[in-house]
Peer 1: 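Once you've had a glance at the structure underneath, I'll fire off some questions.
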Amino acid sequence: MTAIVVIAHAPLASALGACVEHVYSCEPDVMRREMRLLDVPAGESFEASLARARALLSEVDNGEGVLVLTDAFGATPGNVATRLAEPGRVAVVAGVNLPMLLRAVCYRAGPLADLVAKAMTGGEQGIVQVASTTVQNQANKPAGDDQQRIQDQQ
């Protein structure tokens, strides 16, 4: 399995990890075996963050590749992640969001290059402008079935 490391401004990495545990509660071992989370606190030196990131990477690197997801390219977490990149072994994607991470967890059995593509697609498709006056994609639902419509959206 391809491993996943999330590096983000504190507390985003931990919050995303908690969401993964919530969504994939049937797979509790994912977090322990195949994923690591690094919250980069304000004021921590770049070198300290990099050292912690390298340690987490070595914990999960099983030789099948590691996908590193980070929040903001050019910020400290993104710069730390960039230093971990190694073509064919460690891929880095900036702009992590929950749909991206969920897609990555779901498809981690594939090759690293495929996982990168799947994660990026998940992240892009998770960005949707939501209408405020009508429920999107619900045009064929019969009027007056509000409770069912709410359940369908969840």
Peer 1: Shortest non-hydrogen contact from A119 to M100?
Peer 2: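 What the structure gives for the nearest pair is O-CG, 3.2 Å.
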Peer 1: Who pairs with E44 by salt bridge (charged side-chain N to carboxylate O under 4.0 Å, His left out), at least two apart in sequence or on another chain?
Peer 2: R52
Peer 1: Rounded to the nearest 0.5 Å, how far does CG of L12 lie from CG of L69?
Peer 2: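 The CG atom of L12 is 11.0 Å from CG of L69, to the nearest 0.5 Å.
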Peer 1: Tell me whether L56 shares a hydrophobic cluster with I7, the cluster being built from Ile, Leu, Val, Met, Phe, Trp, Tyr side chains joined at under 4.5 Å.
Peer 2: yes
Peer 1: Would you list the atom pairs, donor with acceptor, under 3.5 Å between side chains in residues 81-93 and any protein atom, with sequence neighbours excluded?
Peer 2:
unit_1, atom_1, unit_2, atom_2, d
T82, OG1, G78, O, 2.8
E86, OE1, R89, NH1, 2.7
R89, NE, D61, OD2, 2.9
R89, NH2, D61, OD2, 2.4

Peer 1: Indicate the atoms forming the closest heavy-atom contact of L38 with A13, along with that distance.
Peer 2: O-CB, 3.4 Å
Peer 1: Are I4 and L112 connected, step by step, through hydrophobic side chains (Ile, Leu, Val, Met, Phe, Trp, Tyr) whose heavy atoms are closer than 4.5 Å?
Peer 2: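 Yes, I4 and L112 fall within the same hydrophobic cluster.
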Peer 1: Any chain of hydrophobic side-chain contacts (each under 4.5 Å) joining V80 to L67?
Peer 2: no
Peer 1: Return the minimal non-hydrogen interatomic distance between L98 and C19, and the atom names on each side.
Peer 2: CD1-CB, 3.6 Å
Peer 1: Within the structure provided, determine whether R103 and Q125 are in side-chain contact (heavy-atom separation under 4.5 Å).
Peer 2: yes
Peer 1: Using modelled atom types and a 3.5 Å cut-off, is there a donor and acceptor pairing between side-chain atoms of D71 and backbone atoms of G95?
Peer 2: no
Peer 1: Using the rule that two of Ile, Leu, Val, Met, Phe, Trp, Tyr join whenever any of their side-chain heavy atoms come within less than 4.5 Å, decide whether V40 and M35 are in one cluster.
Peer 2: no
Peer 1: Give the C-alpha distance, both sets of side-chain angles, the deciding distance and a yes or no for side chain to side chain contact (heavy atoms under 4.5 Å, CB included) between Y107 and T2.
Peer 2: CA-CA 9 Å; Y107 289 98; T2 303; over 6 Å; no
Peer 1: CZ of F73: more than 12 outside heavy atoms within 6.0 angstrom?
Peer 2: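 Result for CZ/F73: open.
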Peer 1: Sequence neighbours excluded, which residues qualify as side chain to side chain donor-acceptor pair (under 3.5 Å) partners of E124?
Peer 2: none
Peer 1: Run the side chain to side chain contact (heavy atoms under 4.5 Å, CB included) test on V60 and V5 for me, step by step, so that the C-alpha distance in whole Å, both residues' side-chain angles and the decisive distance to 0.1 Å come before the verdict.
Peer 2: CA-CA 8 Å; V60 294; V5 175; 3.9 Å; yes
Peer 1: Quick one: list whatever passes side chain to side chain donor-acceptor pair (under 3.5 Å) with T76, sequence neighbours left out.
Peer 2: none
Peer 1: Starting from M1, walk the hydrophobic network (Ile, Leu, Val, Met, Phe, Trp, Tyr; side-chain heavy atoms closer than 4.5 Å) and list everyone else you reach, by chain and number.
Peer 2: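 Its cluster partners, ordered by chain and number, are none at all.
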Peer 1: Evaluate the criterion side chain to side chain contact (heavy atoms under 4.5 Å, CB included) for residue pair V20 and L102; output intermediate values, then yes/no.
Peer 2: CA-CA 7 Å; V20 168; L102 292 175; 4.1 Å; yes
Peer 1: Among residues at least two apart in sequence or on other chains, which ones pass side chain to side chain donor-acceptor pair (under 3.5 Å) with S14?
Peer 2: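 Listed in chain order: D39.
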